[in-house]
Structure formats: structure tokens, C-alpha cells
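Structure, as C-alpha cells:
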2 protein chains.
Amino acid sequence: MPRAQREEQILAVAEAVFAERGYQATTMEEVADRVGVTKPLIYGYFGSKDGLLSACVDRARAQLREATVSAWDAMPGDAPLEAVFESGIRAFFDFIDEHASAFALIQQEGAVAASTSRDIERIRTQQSAVVAEALGRVPGLTALPAGLLEGYAEVVIGACERVAVWRLGRPEVTAGDATALVMAGVWHGIGSLAVNDPAAGEPRSLAGRVRPAGS
Amino acid sequence: MPRAQREEQILAVAEAVFAERGYQATTMEEVADRVGVTKPLIYGYFGSKDGLLSACVDRARAQLREATVSAWDAMPGDAPLEAVFESGIRAFFDFIDEHASAFALIQQEGAVAASTSRDIERIRTQQSAVVAEALGRVPGLTALPAGLLEGYAEVVIGACERVAVWRLGRPEVTAGDATALVMAGVWHGIGSLAVNDPAAGEPRSLAGRVRPAGS
DNA sequence: AGGCGAACTTACCACCGGTAACTTACCGGC
DNA sequence: GCCGGTAAGTTACCGGTGGTAAGTTCGCCT
């Protein structure tokens, strides 16, 4: 089998095993067995266990970037900012639903050596850059320095990631619910919910859009 | 040396080593050597490498909870909600500045087996509960179901944690800057920045409060 | 043909998490 | 005072896993 094809096959298997067992509990032997080859071949291609995870992460990163950016690009140019923003967040949650094992890789961060950890961190800085760019086009934010936009972007992806993890144990929370939650939190702001007395109207009409966990 | 004292000593050393090297690269031998004992003693006390990390995390969790809750309790009862909220977030960032190695433990999450991972996850659910309780007292949010409050809490914690990690590589961003950033993001909402034309006044007066990364 | 490189394997090492068995020292009761 | 039990701590070891060296097969190009 040619190298490129074998590499792709190994990556697919490795992603599944890493997601299933976690980094530490994954043995190179198991990955090799599932692929149908032996350990040294994988070492020849990826160098080390860390290198294998790193390659998996690279693949997942490319996929995630493609998913969110294309969702964002698909919006018509005259769409309201809020809708554009929401579509990107929605794409993030949809991606996780469809690529659960890819998302699981991100949670393996602390497991690996510093070099690979930085690799995983790049998945976030990449998303951060995408979000920061989107924010930079928002009127009222164009004037803000890049460093500050970066900070806002971190807030957004932090919220997204945490909600995504939270959702793992709550199948009743749909991708739409999660999107509404993040939008309510970081776009409208929690404070804006507070100042609106619910007796004076739905606070941003969120209560009906996100189902509580217990129901 | 009595057990309790030895355990405390081991935990302090282990926290430092885990933070310094990461979970995987930390060997029980090194922890034992630095303490001045031998491996089996640590196994007798903590059971396993996972158990040792788990104990470290428990300690860090208790400290973090104490820091944030006490900051929150210290606010006078008639303080504005925004200020109460801000004080808790500020306490979080201050805690991380003072206990960098404790915070580093949280990032080791994926490194360990599922059982210990759940232990680390508890650090977040604990903070989530604190934040959710605070949110529950906010007028306009009291009526929301508990599951939804939880979701908001996740948004807040996710934003805080991500900004905290982001800050690790940016010493010029102070704890106050980080607090302002999170408050602007999740309390006021990014959308509220967008609708305010900067020419018509400072958007929430944030630009002057948070310094850009490059300056 | 022949050889040359890529794909792949067998056999092995070193290190580290974890354990069994033993030694030492303290402490309470007669 | 001495003696039994328990807690603190050690030496010596095992097994598994990441990682490697050397060899083998196979296809392809001249």
C-alpha cells in the first residue's frame, strides 16, 4: 500500500482509538493491530506516539477550520451581524456532533509533551483568528486594537468549547440549544438579561429557545 | 514523620512537578526523590499516579473554591450585581496569578484515566455551581430553570478559563485587564459593543480599560 | 538481470508504573 | 522494662509499553 494512503488509514484509526481510550491508555500496538500493520511502521511514518496524536490533531484542525469558515462564507453579504456570528457558532457545534472523536482529541491536551500540546493549542488560536477576523468587521469594533479583538475571540471560543464539553453529558441539549446559549451569553450579554425584568417581556426570548437540562 | 504532614509535603512537591513537566513526563521516581522518600511510600499513600494527581487536584479545587466564594461573600449585600459578579471573576484571575501551578493541573485533564478525569471535571462543575448560584440571584434570571442557569455558568467559566490560558503567554495582560475582558464579553455582551457606534461614545468604555496585547 | 529504494517485519532494549516482602521505630499496656 | 502491634519506610523485583536496529520482501527502473 502506498504511503499516503496508509497514513490516512492510520490517522483515521488512531483518532478513533485516542478518542475511545484516551491518550495514555492508547497503545501503539493496538493502533497497529487495528490497522493491520506492526508498530515500527507507524514509528517510521509518525516518529512517536506524540507525533501520531499531533498528526491527528492537524487533520482535525483543518476539518474544523473548513467547517466554520465555509459556514461563515456561505452567509450573504448583507446578512445581519448577529446572524453571521450565530452561523459560525452553529457550525462549530454541528461539527462536534458529526466529528465527536475529533473533538475528543482536543481534550487530550495535557496528556502530551509540551511540543504537541502547543500543537493542540494551535487549534484554538486558529479558531481565535477566525473569530477575531469576524469581530474586526463588526462596526463599533473595527477601531479596537488587534490585541483586544483577540481577547474577545478567546472569550467566544472559551464559551463554545466549555459548552461543548458540558453538552457531552447532556444529550437533550441540541446543537441549536447550545448555539442559543452562547449567543445569549457572549453576544447579548448576561447583564442584559439581568436588567430586563422578565415580567416586562421575555429576556431576549431565550427561555423558550433553550430547554433546561432536566426536562 | 506523621502521615498527614508527609502527605501534604508530597502533594506540594507533586503539584510543582506535574505543573513543570506535565503528567506524562512526570515520573513517580522524581517526585519521590524530591520529597526525599521512595516510590512505594507514595503508592501506599495515594495508590497510583492517577491518584496522586487526583489528590493534587482536590487540593487545588478546595483552594480555588475558597478564593472565589470568599471574595463573593466579602461584597456588601447592597452592592450592584455587576460589581459582585466582577469581584468573583477578579478573584479567579488573582488566584491563578498566585497559584500558577495549581491552575496548570487543570490543563492536565486529558492525561489521565476516565475516573480521574471526572475528578478534574468536578473542579469545573464546582465553579459552575458557584456561578450558577450567583446567577440565580440576579433579578430577571431567578425565573429561569436550573438547567439553563448551568448553561450560562458554563459560558462564564469557559470564557474565564480560556482567557486565563491565553494570558499565560501574554504577561502584559494584567488580572484586571482579563477581568474587564470577561465582563465586557459575557456581562455586557459583544453585541452591545457592535450596536454602539464608537463615534457616539466609548463602547462600554472598554477600550481604555484593557490594553492591547502588543503595547 | 540486477540493484535500489520503499514498505514492512522480527526481535529486542530501557524505562517506568506498580507490588511483595522485609526492616525499623514508635507507643500503649501489663 | 519489655513486648506486641502498627505505622513509616526501604530494597528488590515484575510486566508492559514506547521506541529502535537490523533484516526481508516486493515492485520498479535502467
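Here the structure is a predicted model, which means the values were calculated and not measured. So that the names make sense, note that chain A is the first sequence line, chain B the second, and so on, each numbered from 1.
Using a 4.0 Å heavy-atom cutoff across all strands shown, B:F46 reaches no nucleic acid atom at all.
For A:L41, whose side chain is taken as the heavy atoms from C-beta onward, the closest listed nucleotide among C:dA7, D:dA8, D:dG18 is C:dA7. Counting only heavy atoms from C-beta on, A:K49 has its side chain closest to D:dG19 among D:dT11, C:dG18, D:dG19. Counting only heavy atoms from C-beta on, A:R3 has its side chain closest to C:dA7 among D:dA21, C:dA7, C:dG17.
For the pair B:R6 CZ and C:dC26 P, the computed distance is 14 Å after rounding to whole Å. Between the CE atom of A:M28 and the P atom of C:dT9 there is a distance of 14 Å, rounded to whole Å. The OH-P distance, from A:Y23 to D:dT17, rounds to 14 Å in whole Å. Here the C1' atom of nucleotide C:dA14 and the NZ atom of A:K39 are 12 Å apart, to the nearest Å. With rounding to whole Å, B:M1 atom CE is found 16 Å from C:dT24 atom C1'. Regarding A:L53, its CG atom lies at a distance of 15 Å from the C1' atom of D:dG18, rounded to whole Å. As rounded to whole Å, 14 Å separates atom P of D:dT17 from atom CD of B:Q24. Between the OH atom of B:Y45 and the P atom of C:dG17 there is a distance of 20 Å, rounded to whole Å.
The shortest side-chain heavy-atom distance between A:L52 and A:F18 falls under the 4.5 Å cut-off. Two residues are said to be in side-chain contact when any heavy atoms from C-beta on lie closer than 4.5 Å; A:V131 and A:T68 fail this criterion.
A distance-only check finds a donor-acceptor pair linking the side chain of A:Q108 to the backbone of A:Y23 [under 3.5 Å]. Between the side chain of A:R122 and the backbone N or O of A:R118 there is no donor-acceptor pair closer than 3.5 Å. The backbone N or O of B:T26 lies less than 3.5 Å from a partner atom in the side chain of B:K49, making a donor-acceptor pair.
Between A:Y43 and D:dG19 there is a side-chain N or O to OP1 or OP2 distance below 4.0 Å. OP1 or OP2 of D:dT10 has at least one side-chain nitrogen or oxygen of B:T38 nearer than 4.0 Å.
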